[in-house]
J.: 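Please read through the structure below; I'll follow up with questions.
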Amino acid sequence: MNTDGTIHARAIRKSFGPKLVLKDVDLDIASGEVCCIIGPSGSGKSTLLRCINGLETVDTGVLKVNGEDLGYYETETAYHRLNKKKIAEQRTRIGMVFQQFNLFPNMTAQENVMAGPVLVKGAEKGAAARQAHELLASVGLSGFGDYYPAQLSGGQQQRVAVARSLAMDPEIMLFDEPTSALDPEKVGEVLAVMKDLASKGMTMVVVTHEMGFAREVADSLIFMDEGCIVERGDAREILRNPKERRTQSFLEKVL
Amino acid sequence: MLNSNGHRRETTVSGVDPALKPRLRRRSTFEYFAWIICCLLAVGILFSVSTNPNFKWHVVARYFTHETIIRGLMLTIFLTVASMVFGTLLGLVLAIMRSSSIKPIAATAGVYITLFRGTPVLVQLIFWFNIAALYPNLTIGIPFTDISTAVDVNALIAPITAALIGLTLNEAAYMAEIIRGGFAAVGKGQIEAADSLGMSGAMKMRKVIIPQAMPSIIPATGNQVIGMFKETSLVSVLGVAELLQSAQLIYARTYETIPLLIVASLWYLVMTLLLSYPQAQLEKKYSRATSLLPRKAKKVVLTAPEGIAR
């Protein structure tokens, strides 16, 4: 069975010091699925996303991304940490878009997009430049290749960040509140790029407060609170008709 | 009277429009007092300095460009440049070691920095000069074989070598802390972005962390250069004929102590002033928000079709 682009988590637990931020979370995301995670701040949704990409390690539980145990290999008795090279390799298959864009300010938009293929995969520069050109065009930024991040608006920066992640040709794209740091006018341009990506069959996990995006694009929706998944299911169904009291009260406030 | 804006123009006795009158800074009595005291002091000192024959300004003038002094100055410049270059390189290595996730490596750098920052440079210099007392023979060879050569440490550690080693090793500890501070100023998000692309540790350092740490490292390094220039005077105790020692060599012969110390001081002052200007420029350059833009970026016009927010 092809497991590329799938995420499987069972009973994952994560604590920061004494504070348990993920309490036995289960998660199954199929290839090509677009899943939105919503919830109040501090509910553990960002931490869950960061675990899926290996920025945080889980304390216990099973976490398979693209069909492989993420960051560890399993033996009879324990999970052993993989070496850095293997972990980096796994990460190249998972794209991540951050709330604060995190573009490299010392590189142009084009160099940012080329950074992954050239520096990590050792791609030939000419080919990487052509690919970067196409990717920037696909996010509506052709002609912006020579600009430095500081010369771009927030929305433009975030689109470059999406192109940078896509340059690694990942199977899964993770978005951590991609529009939260943007002014309202620029939110649409980033969401349009994400919608386009979803229509191309990319597996996407999106932590967001954009209910409109969830309703329109997401296949499934997860509502998290206090480190637990409170409710999950079809996105439109939950948004229209939430079953849990907690979900109802949250949606009442944000919609 | 009505002016062009239709407002009534008020005129005072002097005929000046009150709206156009300058607003003056308040000068306190203390300010006038301070001016008077400082001017008197300056005049007094100048008078004393210029009339006291013991300053022997003609001697100062004679020796200012004396061959021995200039040679000493050159050696001082050499020591400054060499110890800064090697110190910075070693400091970079130490800073990288210090931020390593491997405990023994980070701890080694930590111990080094503590030792070299925690003891006086003067003591360190004398220590390296006398290292032969600890290790009289340095044996270089391949372990578990007979191939080796022994070097006499006393011959190896000439005063100038000791000076260079001492200044370099000490400077490295300070530079390590400056560079590490620069690393720490690079946002966590940048490192996460590099991680999420799967960059290796060395790649992350070279392409993401170091270029972004530069704006905070460079001005601080400029300061270190200025400090180092004066610090080199300490190696005169080892008998290295740098600027101060050159002056001492002359006055040991002529007994014109003060004039020669003035010669040396003037040279230190001149060099420090010369270095201060580029240092101030560097600081200005890197304190601007636009310092985030590499120099190449200026070619790009700052108006994009969609306009520039933030």
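The chains referred to below are lettered A, B, ... by the order of the sequence lines, with proteins before strands, and numbering in each begins at 1. Quick caveat, the model's predicted, so the values are computed rather than measured.
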J.: Tell me which one of A/Met96, A/Arg164, A/Lys121 satisfies side-chain contact (heavy atoms from CB on, under 4.5 Å) with B/Leu197.
T.: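 That would be A/Arg164.
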J.: Check whether A/Phe104 gets within reach of chain B through its side chain, its backbone, both or neither, counting any heavy atom under 4.5 Å.
T.: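 Its backbone and side chain both get close to chain B.
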J.: Is it true that atom NE2 of A/His209 has more than 12 heavy atoms of other residues, nucleotides or ligands lying nearer than 6.0 Å?
T.: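 It does: A/His209 NE2 has more than 12 such atoms within range.
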J.: Let me know if B/Ser196 has heavy atoms under 4.5 Å from chain A in its side chain, its backbone, both or neither.
T.: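 Both backbone and side chain of B/Ser196 come within 4.5 Å of chain A.
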J.: Rounded to the nearest 0.5 Å, what's the gap from CD on A/Glu56 to CD on B/Glu192? Could you check?
T.: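 Atom-to-atom, A/Glu56:CD and B/Glu192:CD are 7.5 Å apart.
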J.: What are the two closest heavy atoms between A/Asn106 and B/Pro211, and how far apart are they?
T.: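 Residues A/Asn106 and B/Pro211, closest heavy atoms: ND2-CB, 3.2 Å.
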J.: Quick check for you: among A/Val97, A/Thr92, A/Leu55, which has the greatest number of heavy-atom pairs under 4.5 Å with chain B?
T.: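 Of A/Val97, A/Thr92, A/Leu55, A/Leu55 has the most heavy-atom pairs under 4.5 Å with chain B.
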J.: Looking at A/Lys14, I'd like to know if its NZ atom is crowded, meaning that more than 12 non-hydrogen atoms belonging to other residues, nucleotides or ligands lie closer than 6.0 Å.
T.: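 For A/Lys14, atom NZ is crowded (more than 12 foreign heavy atoms under 6.0 Å).
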J.: So for A/Leu174, is it side chain, backbone, both, or neither that comes closer than 4.5 Å to the heavy atoms of chain B?
T.: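 When you check distances to chain B, no heavy atom of A/Leu174 falls under 4.5 Å.
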J.: Can you check whether anything in residues 81-91 of chain A gets within less than 4.5 Å of chain B, heavy-atom wise, and list it by number?
T.: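 At a heavy-atom separation under 4.5 Å, chain B is reached by A/Lys84, A/Ala88, A/Arg91.
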J.: Quick check: under 4.5 Å, non-hydrogen atoms only, which of residues 267-277 of chain B neighbour chain A?
T.: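 Answer by number: none.
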J.: With only heavy atoms counted, which part of A/Ile94 is less than 4.5 Å from chain B, the side chain, the backbone, both or neither?
T.: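 For A/Ile94, the backbone is the part near chain B, not the side chain.
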J.: Against chain A, label B/Lys188 side chain, backbone, both or neither, depending on which of its atoms sit under 4.5 Å from a heavy atom there.
T.: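 Side chain only.
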J.: Side chain from CB out, backbone as N, CA, C, O: work out which of these in B/Met199 comes under 4.5 Å of a heavy atom of chain A, or both, or neither.
T.: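 When you check distances to chain A, atoms from both the backbone and side chain of B/Met199 fall under 4.5 Å.
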J.: Under 4.5 Å, counting heavy-atom pairs only, tell me which of A/Leu103, A/Asn53, A/Thr108 racks up the most with chain B.
T.: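 Counting heavy-atom pairs under 4.5 Å, the top option is A/Leu103.
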J.: If you count heavy atoms of other groups shown closer than 6.0 angstrom to CD of A/Glu74, is the number above 12?
T.: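 Yes.
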